[in-house]
Number of protein chains: 2
Amino acid sequence: MPLKADLDAIDWKILRELQNDGRMTNVELSSRVGISAPPCLRRVRRLEEIGIIRGYRALLNAPALGMDVVAFCLIGLHHQADNELKTFAERTRGWPIVRDAWMVSGESDFLLHCVASDLGTFQTFVIEELASAPNVDTVRTALTIRRVKDEGLVAFSAS
Amino acid sequence: MPLKADLDAIDWKILRELQNDGRMTNVELSSRVGISAPPCLRRVRRLEEIGIIRGYRALLNAPALGMDVVAFCLIGLHHQADNELKTFAERTRGWPIVRDAWMVSGESDFLLHCVASDLGTFQTFVIEELASAPNVDTVRTALTIRRVKDEGLVAFSAS
DNA sequence: GAAATCACGAAAGATTCTTGCGCGCGGGGA
DNA sequence: TCCCCGCGCGCAAGAATCTTTCGTGATTTC
């Protein structure tokens with residue numbers, strides 16, 4: 001997985017299109033980026049193989065699935081030694097309510113993106129699991145009201 | 001977009017599979033969930049039409065694309081009247097560095113997920129755009145060190 | 001109990017995927 | 001300058017997939 005891959009303008013167009021619609025057919029994609037289907041497919045395969053494209057995901061509507069609570073938690077630990085950080089990171093992977101987690105620098109050590117069916121479930125999780133976990137010092141919570149912007153991870157210029 | 005759709009066990013399996021691999025072919029998907037291809041495709045189309053599936057997205061490797069800085073910003077506003085919130089929400093949509101944004105309740109009013117090519121770009125954005133924006137009171141920043149967990153938005157039981 | 005509704009699965013045509021191959025373009029080296 | 005080589009595109013064809021149509025069986029409704 002090279003940290004710097006040489007991508008031309010067509011590669012960037014492919015990435016932009018697949019970030020907007022990851023299920024687009026290859027012929028549609030090739031038409032949009034201006035080449036024929038076979039080289040387009042070869043480029044996509046290459047981008048997958050070198051790790052530029054990490055995978056594909058359906059985006060789900062959490063409220064419609066009965067997941068009414070989306071929240072972020074900022075966690076501060078008592079001790080930030082390397083193995084302590086790894087231990088907590090491993091713990092987050094065992095909590096289904098935690099969907100994404102980041103180790104961060106700043107006022108907190110971890111940021112957790114949480115989804116739960118209702119407020120009671122989330123509060124129980126925060127009190128009985130999160131705040132009770134070893135080495136956890138502070139837990140700050142931000143309940144989401146609504147999503148305001150939802151683009152892919154990488155921005156593309158308007159070319 | 002009904003808030004409560006009636007989904008059976010097969011629908012849930014479909015959602016789980018497509019959340020893990022949104023580009024899976026329909027025959028592969030139908031095989032995994034245990035039905036034949038035509039009804040499987042009809043179910044996927046239905047899930048898309050009623051808004052359970054919001055779309056599909058390729059997941060990109062930001063560092064490999066020269067995006068070395070991923071950070072979260074917690075924003076507090078001076079005034080939280082409805083039109084003030086809408087104004088700031090609209091502003092976030094015009095900032096390419098901001099990839100996702102949430103309106104939140106708690107100590108802050110907004111949480112921004114930001115991606116930039118380097119620290120200088122990000123700092124310039126924070127100082128000259130974010131903190132300088134009208135009505136912005138506080139800006140707290142958490143630079144990410146690494147991603148610790150990365151699942152889809154919705155958790156599925158092990159069935 | 002009869003009729004209607006619903007969803008599944010087989011079959012077939014249309015579309016897409018995937019591979020193999022020939023061509024043209026651009027970059028060294030004699 | 002000319003030749004050779006490597007790279008990537010696009011055509012074409014076979015394989016796989018998508019998508020629709022239709023018949024059947026199960027469940028529900030009246």
Side-chain angles (χ1 to χ4, degrees), chain A residues 1-61 64-66 152 154 156-159, chain B residues 1-61 64-66 152 154 156-159:
Chain A
M1 194 183 333
L3 259 69
K4 174 143 190 170
D6 53 335
L7 307 180
D8 63 12
I10 294 180
D11 289 320
W12 284 99
K13 284 186 188 174
I14 288 175
L15 295 176
R16 180 173 53 188
E17 295 296 336
L18 287 181
Q19 187 170 242
N20 285 335
D21 179 6
R23 217 174 159 75
M24 186 184 298
T25 68
N26 184 60
V27 291
E28 170 71 14
L29 178 62
S30 64
S31 157
R32 285 177 182 246
V33 304
I35 59 178
S36 65
C40 185
L41 186 63
R42 283 190 289 261
R43 281 167 179 266
V44 172
R45 292 277 181 271
R46 168 176 170 263
L47 291 169
E48 292 168 356
E49 279 164 13
I50 66 179
I52 299 280
I53 295 178
R54 293 167 37 235
Y56 302 90
R57 182 164 289 169
L59 306 180
L60 304 185
N61 184 337
L65 290 170
V154 177
F156 296 97
S157 47
S159 73
Chain B
M1 193 185 332
L3 259 70
K4 174 144 191 172
D6 52 334
L7 308 179
D8 62 13
I10 294 180
D11 289 320
W12 283 99
K13 283 187 189 175
I14 288 175
L15 293 177
R16 180 173 53 191
E17 294 297 335
L18 287 181
Q19 187 170 241
N20 285 335
D21 178 6
R23 218 175 158 73
M24 186 183 298
T25 67
N26 183 59
V27 291
E28 170 72 13
L29 178 61
S30 64
S31 157
R32 284 177 183 247
V33 304
I35 59 178
S36 64
C40 185
L41 186 64
R42 283 190 290 260
R43 282 167 179 267
V44 173
R45 293 278 182 271
R46 169 175 168 264
L47 292 169
E48 292 169 356
E49 280 164 13
I50 66 179
I52 298 282
I53 296 177
R54 293 167 37 233
Y56 302 90
R57 181 163 290 170
L59 306 179
L60 304 184
N61 185 337
L65 291 171
V154 177
F156 296 97
S157 47
S159 72

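Each chain gets a letter, A, B and so on, in the order the sequences are listed, and its residues count up from 1.
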ring-ring contact (aromatic ring centres under 6.0 Å, His included): pairs with one or both residues in [range], sequence neighbours excluded:
{"range": "residues 22-44 of chain A", "result": "none"}
{"range": "residues 19-49 of chain B", "result": "none"}
{"range": "residues 16-55 of chain B", "result": "none"}
{"range": "residues 23-45 of chain A", "result": "none"}

Taking the side chain as everything from C-beta on, heavy atoms only, tell me whether [X] gets closer than 4.5 Å to [Y].
{"X": "B:V154", "Y": "B:L15", "answer": "no"}
{"X": "A:D21", "Y": "A:R23", "answer": "yes"}
{"X": "A:I14", "Y": "A:L7", "answer": "no"}
{"X": "B:Q19", "Y": "B:R16", "answer": "no"}

How close or far is atom [atom2] of [N] from atom [atom1] of [X], stated in whole angstroms?
{"X": "B:D8", "N": "C:dC8", "atom1": "CG", "atom2": "C1'", "answer": "12 Å"}
{"X": "B:L7", "N": "C:dA7", "atom1": "CG", "atom2": "P", "answer": "12 Å"}
{"X": "A:L41", "N": "C:dT19", "atom1": "CG", "atom2": "P", "answer": "8 Å"}

Gap between atom CG of A:N20 and atom CZ of B:R57 - 0.5 Å precision: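 If I round to the nearest 0.5 Å, the distance is 7.0 Å.
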Sequence-aligned protein contact record of nucleotides 20-26 of chain C, with B where the base is within under 4.0 Å of a protein heavy atom and S where only the sugar-phosphate is: -------
Inter-end axis angle, the helix from C:dG1-D:dC30 to C:dA30-D:dT1, with every axis fitted to five base pairs (rounded, 10 degrees):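 The two end axes of the helix from C:dG1-D:dC30 to C:dA30-D:dT1 meet at 30°.
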Side chain to side chain contact (heavy atoms under 4.5 Å, CB included) involving A:T25 - partner list, sequence neighbours excluded: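 Result, side chain to side chain contact (heavy atoms under 4.5 Å, CB included) vs A:T25: A:V27, A:E28.
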Those residues that, when tested against A:E48, pass side chain to side chain contact (heavy atoms under 4.5 Å, CB included) (two or more places apart):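 With neighbours one apart ignored, the set is A:V44, A:R45, A:I53, A:Y56.
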Contact list for DNA chain D against residues 22-37 of chain A - heavy-atom distance below 4.0 Å: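 The stretch gives A:I35, A:S36 as the residues lying under 4.0 Å from the strand, ordered by number.
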Sugar-phosphate only, base, or nothing, as touched by A:R46 at under 4.0 Å among non-hydrogen atoms: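 A:R46: no heavy atom of the nucleic acid under 4.0 Å.
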Could you go through residues 33-43 of chain A and list every donor-acceptor pair under 3.5 Å that involves a side-chain atom there, pairing it with any protein atom two or more places apart or in another chain?
residue : atom : partner : partner atom : Å
A:R43   : NH1  : A:D8    : OD1          : 2.9
A:R43   : NH1  : A:D8    : OD2          : 3.2
A:R43   : NH1  : A:D11   : OD1          : 2.9
A:R43   : NH1  : A:D11   : OD2          : 3.3
A:R43   : NH2  : A:D8    : OD2          : 2.9

Boundaries of the DNA chain D segment in contact with chain B, non-hydrogen, under 4.0 Å: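 Counting from the 5' end, contacts occupy D:dT17 to D:dT21.
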All side-chain hydrogen bond (donor to acceptor under 3.5 Å, both in side chains) counterparts of A:E17, not counting sequence neighbours: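 Testing A:E17 for side-chain hydrogen bond (donor to acceptor under 3.5 Å, both in side chains), a comparison that skips the adjacent residues, returns A:R32.
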